[in-house]
Amino acid sequence: MKSPVAKAWCCVGIMMLGVIIAMLSLAFLNNKVLSILIIVLGAGCFLSGIILHYAWVRCPHCGSHLGRVYGTKCPFCGNDTNRTES
Ligand SMILES: [Zn+2]
């Protein structure tokens, strides 16, 4: 099981990939249909990164979405987010 911080960075990577894909559309400005398709693909990739962030980056103790707080302690219940209770 990966820590929430590792998952958060994974999601940030997916979002960055979406931005890069969207920027690639600039190379196809002479082809409107293709450039729009690439922008949609990039936006979809970016949005799935955000959705995955909400789905994955959660406290293993109380289930709260950790948002941009990448510390080892949950801001909601105060437990260590890198350790799951057994
Ligand atoms: Zn918590």
Side-chain angles (χ1 to χ4, degrees):
M1 193 75 176
K2 278 186 189 175
S3 72
V5 176
K7 285 176 187 169
W9 281 113
C10 183
C11 295
V12 168
I14 294 167
M15 286 182 229
M16 288 297 168
L17 189 70
V19 171
I20 291 163
I21 291 169
M23 278 203 263
L24 282 176
S25 70
L26 291 172
F28 300 98
L29 280 178
N30 53 346
N31 189 333
K32 223 174 191 175
V33 177
L34 194 62
S35 64
I36 289 169
L37 271 176
I38 293 169
I39 287 172
V40 168
L41 191 74
C45 198
F46 186 81
L47 281 175
S48 52
I50 293 170
I51 292 164
L52 279 177
H53 196 287
Y54 273 91
W56 281 352
V57 187
R58 288 188 176 276
C59 171
H61 306 279
C62 66
S64 299
H65 178 243
L66 295 171
R68 294 178 68 126
V69 181
Y70 295 156
T72 52
K73 287 234 190 303
C74 171
F76 301 99
C77 66
N79 284 308
D80 192 338
T81 54
N82 290 319
R83 220 174 298 151
T84 45
E85 277 166 326
S86 52

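Read the numbers this way: they start at 1 and go in the same order the structure lists the ligands and their atoms. The first residue of the sequence shown is numbered 1, and numbering continues consecutively from there.
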query = How far does CE of Met15 sit from CD1 of Ile51, to the nearest 0.5 angstrom?
reply = 10.0 Å

ask   = What's the spacing between Ile39 CD1 and Leu34 CG if we round to 0.5 Å?
value =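 Rounded to the nearest 0.5 Å, the CD1-CG separation comes to 10.5 Å.
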
Residues that Tyr54 engages under ring pair (Phe, Tyr, Trp, His ring centres under 6.0 Å), provided they are two or more places apart = His65

ask   = Can you find a heavy atom in the side chain of Cys59 that is under 4.5 Å from one in the side chain of Phe76?
value =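 No, too far: nothing below the 4.5 Å cut-off.
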
key: Atoms named by residue and atom, protein N, O or S, within reach of the Zn ion (ligand 1) (under 2.8 Å)   = Cys59 SG, Cys62 SG, Cys74 SG, Cys77 SG

query = Asn82: what forms a side chain to side chain contact (heavy atoms under 4.5 Å, CB included) with it, not counting sequence neighbours?
reply = Ser3, Pro4, Thr72, Asp80

query = Mind checking what makes side chain to side chain contact (heavy atoms under 4.5 Å, CB included) contact with Ser48, not counting sequence neighbours?
reply =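 Ser48: side chain to side chain contact (heavy atoms under 4.5 Å, CB included) contacts with Ile14.
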
